[in-house]
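These values consider heavy atoms only, across backbone and side chains, with no hydrogens, waters or symmetry-generated copies. Atoms within a ligand are numbered from 1 in the order they appear, just like the ligands themselves. Heads up: numbering here begins at 1 and tracks the sequence.
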Amino acid sequence: MCGIIGAVAQRNVVPILLEGLRRLEYRGYDSAGLVVINKGLQRVRSTGRVAELAAQIGRQKTHGHLGIAHTRWATHGGPTEDNAHPHVSTNSIAVVHNGIIENHEALRTRLKSLGYDFASETDTEVIVHLIHFYYQASRDLLVAVRAAVAELQGAYAIGVVSAEAPHQLIAARRGSPLLIGVGIEENFIASDVSALLPVTQRVIYLEDGDIADIGLLGIRIFDAEGRPVERGEHVSELSADMAELGNYRHFMQKEIHEQPRAIADTLLAGVTTHSVLPGIFGPQAEDVLGKINGVRILACGTSFHAAKVAEYWIESLAGLPCRAEVASEYRYRNSVADPDTLILTLSQSGETRDTIDALIQAKKLGHKHSLAICNVPESALVRASELKFLTRAGPEIGVASTKAFTTQLVALFLLALVLGRLHGRVSVAQEKSWLDQLRELPGLVGQALALEPEISAWAERFADKHHALFLGRGAHYPIALEGALKLKEISYIHAEAYPAGELKHGPLALVDKDMPVVAVAPNDTLLEKLKSNLQEVRARGGELYVFADQDSHFSEQDGLHLLRLPSHAGPLSPIVHTVPLQLLAYHAALCKGTDVDKPRNLAKSVTVE
Ligand code: G6P
């Protein structure tokens with residue numbers, strides 16, 4: 001949450017900063033702002049979206065060769081212009097910040113007693129005054145930043161500039177992500193590589209506690225102890241157009257349609273014709289995965305729903321106990337730890353605070369082994385885990401997660417197969433057969449996508465509803481949960497999901513003609529039971545929207561609308577059944593005219609508790 005970008009160059013950096021902000025907007029969109037150094041500090045801020053900031057800058061013709069910029073997801077203080085970053089001290093030093101400073105109240109009191117006036121309610125403003133305070137003594141920005149961050153408690157990624165140093169950009173991070181982009185006689189910083197792709201693919205990931213002194217020609221990095229360090233340079237595999245909208249109306253729609261490609265790419269990561277190579281989870285994976293006695297999965301939001309599906313797969317295919325838990329709950333619980341239970345964290349971004357802290361808690365409780373399944377290389381979660389698997393979804397911009405979810409499911413299925421084989425539950429022949437089915441998956445997802453026109457027609461009937469129920473059974477119950485989450489996130493229609501068998505224990509009381517009920521109804525062993533549950537809905541006048549498989553016996557009747565997906569995909573069916581629910585939410589949101597890619601109050605990367 002909150003995106004930051006900075007640039008030092010021989011050309012005007014304003015277009016680079018604005019394009020970077022557009023690409024970081026998924027991280028927060030309450031307000032935006034930038035500072036450039038051009039005969040002093042020039043600051044432009046605006047509430048609302050980056051487009052509004054860009055319009056303001058266009059009118060004022062702001063330009064400069066050094067600058068920092070920020071897009072905000074409000075934590076301390078409302079989304080006003082005064083609270084928008086960059087924050088400045090005595091019109092000479094400016095800071096952009098992503099994170100939360102936990103001791104900001106004490107620092108604020110101290111700085112006020114030293115004569116500093118505060119212009120905002122943010123925690124960030126203490127950072128800039130503190131840097132200014134130390135700058136008075138040293139007249140050296142790097143030294144001042146080092147002294148200031150030593151006093152900060154909490155999480156920060158910051159970019160700092162001074163009117164007195166027109167070619168110097170200082171960056172520091174602890175807990176929040178920040179990387180350096182390396183150019184030719186120009187250098188950059190950003191929260192995320194996608195912000196820099198139009199200018200460079202060469203990146204250096206800063207580690208916790210690092211401070212970097214960045215100029216036109218050189219970059220000096222110091223670790224938490226102040227020692228000069230070398231951090232390796234990486235060339236990103238991503239290209240600038242991967243984060244472009246192309247012919248789609250929204251990123252969410254684009255990302256839904258990218259799923260066949262994303263799934264195929266994720267499979268390519270290490271699947272041969274006959275087997276999944278355990279090494280795809282890391283060099284020590286075969287040894288570690290062979291000796292674990294269970295799996296505990298920690299995740300948030302959509303990633304948690306993927307974790308819930310994995311419970312079914314890992315228990316049935318590998319015969320290992322598997323439990324998924326919401327990371328924000330686990331982190332504060334004294335759970336009973338078995339050191340040999342693998343801690344598996346799932347996260348699109350790899351920077352969700354609750355998930356990272358849950359992993360730290362698990363290690364503290366004595367868990368010996370950890371695996372992260374993540375979509376972002378070098379993210380904090382990946383770096384903190386013993387084993388890793390990178391999904392190949394590509395950049396996901398829409399706040400509501402779609403392709404990251406289905407590629408997580410593919411990764412989890414591969415993990416279940418590897419565990420099954422290492423624990424003697426899956427034979428070589430069975431593994432080959434599962435892999436043959438996995439290779440069919442992109443095609444099956446493509447067929448599900450082809451239902452978009454019919455789903456869009458259904459969505460029109462949801463637009464005037466205030467509530468919806470989603471039902472599923474077995475591994476499709478988490479898919480119903482995900483369908484309900486998608487609908488509420490982007491269309492603001494209140495939606496709940498239940499295991500269909502639980503309906504009669506309460507939620508049935510809600511069913512009437514105004515409550516659409518969506519049923520995920522694959523042709524599996526539970527179908528007949530599910531049909532009985534659906535009868536209970538019809539008998540109460542409820543209107544049913546059923547996603548069934550091609551090969552199951554259903555007929556359209558009064559009060560029952562039916563769409564057919566491809567023939568039943570066995571254990572992979574949850575992945576296929578996800579797609580129509582994403583499309584339903586997307587088209588319901590379109591009918592309601594909401595901001596699909598940037599739903600109100602939300603952000604994609606939640607780096608605060
Ligand atoms: C936020 C996003 C969700 C996402 C969740 C977990 O709430 O809006 O789409 O599922 O964070 O994010 P992660 O990056 O850890 O998967």
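- Salt bridge annotation for R173-D210: absent, with no cationic side-chain nitrogen under 4.0 angstrom from a carboxylate oxygen.
- Each of C300, G301, T302, S303, S347, Q348, S349, T352, V399, S401, E489, A603, K604, V606 has a non-hydrogen atom positioned under 4.0 Å from some atom of ligand 1.
- Using a 4.0 Å cut-off between charged nitrogen and carboxylate oxygen, R27 and E351 count as a salt-bridge pair.
- In this structure, the side chain of K604 engages the main chain of G398 through a donor-acceptor pair within 3.5 Å.
- Between R323 and E311 no salt bridge is recorded (no basic side-chain N to carboxylate O distance below 4.0 Å).
- The pair R331-D357 meets the salt-bridge criterion, with a side-chain N (NZ, NE, NH1 or NH2) lying under 4.0 Å from an Asp/Glu carboxylate O.
- Taking the centre of each ring, F405 and H305 stay at or above the 6.0 Å mark.
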